[in-house]
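The structure appears right after this line, and notes come after that.
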Amino acid sequence: MATQQRPLSPHLQIYAKQITSTMSILHRMTGIVNALGVLVLAWWLVALASGGEAYAQFLAVAGSLPGQVALFGFAATLVYHLLNGVRHLVWDMGLGFEIPQVYRSGYTVIALAVVFTGLLWYAGLSVGGAA
Amino acid sequence: MSRLRHPWAVARGLGSAKEGVAHWWAQRVSAAALLFLVPWFVITAVSLVGVDHANARAFLAEPLNATLMLAFVLSVTWHARLGLQVVVEDYIHTPWLEVALQLLVKFAYALAALASVVAIGRIAFTA
């Protein structure tokens, strides 16, 4: 049987970028980063339980420049994943599937994520004594 | 003899259905718990920045705080493990590497959960 010249679905490289697909892959990527943050959380708790010296060691790493970049990064990924997670839970209830609704909820999540991440960074900088 | 067996007995447990919706549901249940626990944790974490060891420990030794931290740690390790499992399933197609990574994910997050529980227990019970 001869192979027919049928249309192929577009490959990722030539697929027009859309907010829907971008937010979907961002949800995965922030989830993976958050999962790494869980290991840092375990380290923090173990250090806190182990004693002053272990805790000082943790604080030294967390307070270093790469440590702070990581912590502020975790704040952003956690906020995004949580807010977009709400969007997913609403979808799981069978709501909000109309395309205009999907776009509206998407932009809402992005706006709220920026606001909450900003607030969290400001709070972190304030208690950290930098702002 | 085998023809006396109902086809279900042969088919059950095979195919794509295997575990049904258990994984999917567990991810949503842990997500629902984290909806409440993450805001608590974030506020707690920010409030503990710059707090010395003794005071941070004393804060977590409070029964309510220790309970919520336990709930958060157990929910988040569960949620992270389930999520990473799907990521490995979706993107890693080399059989030995997939098995190795799945084991690594399971062990790492089981250990993280156990270590966190031991740590919180030690803080709560030796305050």
Side-chain angles (χ1 to χ4, degrees), chain A residues 25 27-59 62-63 68 71-72 74-75 78-79 81-93 116-117 119-130, chain B residues 24-25 27-28 30-32 34-35 37-39 41-43 45-54 56-57 59-61 66 69-70 72-73 75-88 90-91 105 108-109 111-126:
Chain A
I25 194 62
H27 194 70
R28 274 218 160 167
M29 292 189 326
T30 53
I32 294 170
V33 174
N34 290 342
L36 296 176
V38 170
L39 302 180
V40 178
L41 167 71
W43 178 23
W44 173 62
L45 288 169
V46 169
L48 189 60
S50 297
E53 208 173 304
Y55 200 58
Q57 245 169 28
F58 172 85
L59 288 184
Q68 288 195 39
L71 290 178
F72 280 88
F74 284 139
L78 188 62
V79 164
H81 196 84
L82 184 79
L83 290 170
N84 202 48
V86 174
R87 193 159 161 252
H88 273 278
L89 288 175
V90 173
W91 283 334
D92 290 338
M93 291 188 283
F116 280 114
T117 301
L119 283 174
L120 210 48
W121 284 3
Y122 179 74
L125 290 170
S126 303
V127 291
Chain B
W24 187 92
W25 185 243
Q27 197 145 30
R28 268 71 191 172
S30 52
L34 288 167
L35 218 50
L37 293 168
V38 167
F41 170 75
V42 165
I43 292 166
V46 170
S47 72
L48 286 177
V49 174
V51 174
D52 66 26
H53 176 251
R57 202 187 155 107
F59 172 86
L60 205 59
M69 190 60 85
L70 270 178
F72 174 63
V73 160
S75 310
V76 86
T77 47
W78 198 24
H79 193 78
R81 202 229 95 187
L82 293 171
L84 287 181
Q85 181 192 332
V86 175
V87 170
V88 173
D90 283 356
Y91 303 123
V105 165
Y109 285 86
L111 276 180
L114 290 172
S116 304
V117 168
V118 168
I120 296 166
R122 186 172 180 198
I123 290 167
F125 296 127
T126 62

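Lettering follows sequence order; numbering is per chain, from 1. Scope of the values below: all heavy atoms of this structure, side chains included, with no hydrogens, waters or symmetry mates.
The candidate with the highest count of non-hydrogen atom pairs below 4.5 Å against chain B, out of A/I32, A/L41, A/D92, is A/D92. For the options B/A119, B/A112, B/A113, heavy-atom pairs under 4.5 Å to chain A are most numerous at B/A119. Comparing A/G51, A/S50, A/A47 by heavy-atom pairs within less than 4.5 Å of chain B, the highest count is held by A/G51. Counting heavy-atom pairs under 4.5 Å between each of B/V105, B/V76, B/T77, B/V118 and chain A puts B/V76 at the top.
Only the side chain of A/L78 comes within contact range of chain B, with at least one heavy atom under 4.5 Å from a heavy atom of that chain. Using a 4.5 Å cut-off between heavy atoms, A/H27 makes no contact with chain B at all. Neither the backbone nor the side chain of B/F59 comes within contact range of chain A; no heavy atom of the residue lies under 4.5 Å from a heavy atom of that chain. For A/W44, the part sitting under 4.5 Å from any heavy atom of chain B is the side chain, from C-beta outward, and nothing else. Contacts between B/L35 and chain A at a heavy-atom distance below 4.5 Å involve backbone atoms as well as side-chain atoms. At a 4.5 Å heavy-atom cutoff, the contact between A/L48 and chain B is made by backbone and side-chain atoms alike. Of the atoms belonging to B/V117, not a single heavy atom falls under 4.5 Å from chain A.
Just one of A/V38, A/L45, A/V46 meets the side-chain contact (heavy atoms from CB on, under 4.5 Å) condition when paired with B/S116; it is A/L45.
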Report task. In sequence, state the C-alpha distance, the side-chain angles, and the governing distance for B/V38 and A/H81, and then conclude on side chain to side chain contact (heavy atoms under 4.5 Å, CB included). Result -> CA-CA 11 Å; B/V38 167; A/H81 196 84; over 6 Å; no
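Environment of CZ in A/F116: sparse, with no more than 12 heavy atoms of neighbouring residues, nucleotides or ligands closer than 6.0 Å.
Closest heavy-atom contact between A/L36 and B/Y109: N-OH, 3.9 Å. For B/L34 against A/L82, the heavy-atom pair with the smallest separation is O-CD1, 3.9 Å. When all heavy atoms are compared, the tightest approach of A/A35 to B/A80 is CB-CB, 3.9 Å. For the pair A/V127 and B/V46, the tightest heavy-atom approach, listed with the atom from each and the gap, is CG2-O, 3.6 Å.
B/H53 and A/Y55 have tilted rings, their planes meeting at an angle from 30° to 60° on a 0 to 90° scale.
The side-chain hydrogen bond (donor to acceptor under 3.5 Å, both in side chains) check on A/N34 picks up A/T77, with sequence neighbours excluded.
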